Colleague: 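One structure follows; several queries about it will come next.
Fair warning: this is a prediction, and the values are worked out from it, not measured in the lab. Sequence lines set the chain letters: A, B, ... in the order given, protein chains first and strands last, and positions in each chain run from 1.
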2 protein chains.
Amino acid sequence: MILIQTFQKFFYQFLMLYRPFENRLNILLGEHGLYRAQWTVLYYLANFGPSTPVELANYQSVEKPTMTRTIHRLKELEYLETIPTKDKREKKMQLTALGKKVYEDVRVSIDEFEQDILEGISEEEQLKAIQIMKAIQQNILK
Amino acid sequence: MILIQTFQKFFYQFLMLYRPFENRLNILLGEHGLYRAQWTVLYYLANFGPSTPVELANYQSVEKPTMTRTIHRLKELEYLETIPTKDKREKKMQLTALGKKVYEDVRVSIDEFEQDILEGISEEEQLKAIQIMKAIQQNILK
DNA sequence: TGAATTAGTTACCGAAGCTAACTATTTTTC
DNA sequence: GAAAAATAGTTAGCTTCGGTAACTAATTCA
């Protein structure tokens, strides 16, 4: 008789939630010509202000070349622009006016989607879950 | 003044946890010559018993061709075998003895990893989080 | 029994990870 | 202050793992 342990179930459920979430997210973003990786960059810049590729890459746990590519696509779309800094190696990025507008537009659809699938989960529960996920993330990164 | 709403934070944190988790998982699995997609199939068969590719694909929210490929790789490794059924279209899969052994071996490493990164999260909190993730998954799939 | 459905496959494409190796700056060290 | 080390970013090339379209073989339905 095999007993599935709680911690095993936890991560299995985590993976099982990720796939359908990303699927629906990509369909939604696709309507605006965007993908998940691009969206997370827009989100970061909109909420945390101008950043360099290295900051973005570290924050999102991807390698620099991955971030370079994502940023170049967003630049082609003219959603991002570089702002000069003292350090000439750095390329600090910020949203253009167009980028901000697109972010706000997409935000409306995503809000609707996210609120919809959080149906039945109280704000208190959401906050608790955020706290747990943050703690795990920190355990992984430390 | 912009206020980030709780539901936005929830999914942002969800995505932020996924990347480093998958990174570490893939490194761990890599030591055993496996990848995430393969691992989730082994997990399913070990815990839920023999299944068809369609069952696996539906359960994991991927398309049939994606599952075909993952299964073929696991078959090349001789971790899976087909068991005959009445319906000759079906290819019901189960773990071979080798597959079971590999699953158990990898399970030990993964257990250690998962318990490690759940440090500080009580079982009660884990159960609550599982329940929340399941509810969201069902909201997405319905 | 003929039509529709279902299981599985093949071929092909794309997003988004990765490493290795490079250039151009900046910082550190002696 | 010059040489060495470190850091930011890029390019090239690879892999995993998603997807769709189109197909065959078997089963179910009308």
Colleague: Would you say A:T52 and A:E90 are linked by a side-chain donor-acceptor pair, where the criterion is simply a distance under 3.5 Å?
Modeller: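 Not at all, the side chains of A:E90 and A:T52 share no donor-acceptor pair under 3.5 Å.
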
Colleague: Using whole Å, what does the distance between atom P of nucleotide D:dT7 and atom NZ of A:K86 come to?
Modeller: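 Rounding to the nearest Å, NZ of A:K86 and P of D:dT7 are 19 Å apart.
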
Colleague: Would you mind reading off the bend of the helix from C:dT1-D:dA30 to C:dC30-D:dG1 from its two end axes, five pairs each, to 10 degrees?
Modeller: 30°

Colleague: Name the orientation class of the two ring planes belonging to B:F11 and B:F14 (parallel below 30°, tilted from 30 to 60°, perpendicular beyond 60°).
Modeller: perpendicular

Colleague: Taking the nucleotide of DNA chain D with the nearest heavy atom to each, does A:E90 or B:E63 sit closer to the 5' end?
Modeller: A:E90

Colleague: Using the test ring pair (Phe, Tyr, Trp, His ring centres under 6.0 Å), find all partners of B:Y35 that sit at least two apart in sequence or belong to another chain.
Modeller: none

Colleague: How close or far is atom P of D:dT16 from atom CG of B:L29, stated in whole angstroms?
Modeller: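 Computing the B:L29:CG to D:dT16:P distance gives 13 Å.
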
Colleague: Tell me the interatomic distance from A:I83, atom CD1, to D:dG9, atom C1', rounded to whole angstroms.
Modeller: 16 Å

Colleague: Show me the side-chain donor-acceptor pairs of residues 64-73 of chain A shorter than 3.5 Å, one per line, residues at least two apart or across chains.
Modeller:
from, atom 1, to, atom 2, distance (Å)
A:T68, OG1, A:K64, O, 3.1
A:T70, OG1, A:T66, O, 3.2

Colleague: Can you check whether A:R19 has a side-chain N or O nearer than 4.0 Å to OP1 or OP2 of D:dC17?
Modeller: no

Colleague: Looking at C:dG14, I'd like to know if its phosphate oxygens (OP1 or OP2) sit under 4.0 Å from a side-chain N or O belonging to A:R73.
Modeller: no

Colleague: For A:Y79, which residues count as a ring pair (Phe, Tyr, Trp, His ring centres under 6.0 Å) partner, sequence neighbours excluded?
Modeller: none

Colleague: For A:L74 and D:dG9, give me the distance from atom CG to atom P, rounded to whole Å.
Modeller: 15 Å

Colleague: Atom CG of B:N26 and atom P of D:dC14: how far apart are they, to the nearest Å?
Modeller: 20 Å

Colleague: Below 3.5 Å is the cut-off: list the nitrogen or oxygen pairs between protein and nucleotides 28-30 of chain D, distance only.
Modeller:
none

Colleague: Could B:E78 and B:K75 be called an ion pair, given the rule that one side-chain N must be under 4.0 Å from one carboxylate O?
Modeller: no

Colleague: OP1 or OP2 of C:dA7 versus the side-chain N and O atoms of B:T52: is any pair under 4.0 Å?
Modeller: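 Checking C:dA7 against B:T52, no side-chain N or O comes under 4.0 Å of OP1 or OP2.
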
Colleague: Below the 4.0 Å mark, does D:dG19 have OP1 or OP2 next to a side-chain nitrogen or oxygen of A:N23?
Modeller: yes

Colleague: Could you label the plane-to-plane angle of the A:Y103 and A:W39 rings as parallel, tilted or perpendicular, counting under 30° as parallel and over 60° as perpendicular?
Modeller: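 Parallel: the ring planes of A:Y103 and A:W39 meet at under 30°.
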
Colleague: Begin with the C-alpha distance, continue with both residues' side-chain angles, and end with the deciding distance and a verdict on salt bridge (Lys or Arg N to Asp or Glu O under 4.0 Å) for B:K9 and A:E114.
Modeller: CA-CA 10 Å; B:K9 267 196 210 147; A:E114 289 182 347; over 6 Å; no

Colleague: Is the side chain of B:N47 donor-acceptor paired with the backbone N or O of B:Y43 at a distance under 3.5 Å, no angle test?
Modeller: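 Such a contact is found between B:N47 side chain and B:Y43 backbone.
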
Colleague: Could you tell me how far apart B:L56 (CG) and C:dA7 (C1') are, to the nearest whole angstrom?
Modeller: 13 Å

Colleague: Cut-off 3.5 Å, side chains only: do A:E125 and A:S122 have a donor facing an acceptor?
Modeller: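 The answer is yes; a qualifying pair exists.
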
Colleague: Classify the side-chain pair B:Q13/A:Q137 by whether it contains a donor and acceptor separated by less than 3.5 Å.
Modeller: yes

Colleague: Only one of B:V102, B:V41, B:L42, B:L74 clears side chain to side chain contact (heavy atoms under 4.5 Å, CB included) with B:L95; which?
Modeller: B:L42

Colleague: Take the protein atom CD of B:E22 and the nucleotide atom P of D:dG18, then report the distance between them rounded to whole Å.
Modeller: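 For the pair B:E22 CD and D:dG18 P, the rounded distance is 9 Å.
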
Colleague: Grab the N/O contacts between the protein and nucleotides 9-13 of chain C below 3.5 Å, and write none if there aren't any.
Modeller:
from, atom 1, to, atom 2, distance (Å)
C:dT9, OP1, B:H72, NE2, 3.1
C:dT9, OP1, B:K91, NZ, 3.2
C:dT9, OP2, B:T68, OG1, 3.2

Colleague: Measure from the side chain of A:Y35, starting at C-beta and using heavy atoms only, and say which of C:dG17, C:dA16, D:dT16 lies closest.
Modeller: C:dA16

Colleague: May I have the distance from B:W39 (atom CH2) to D:dT16 (atom C1'), rounded to whole angstrom?
Modeller: 18 Å

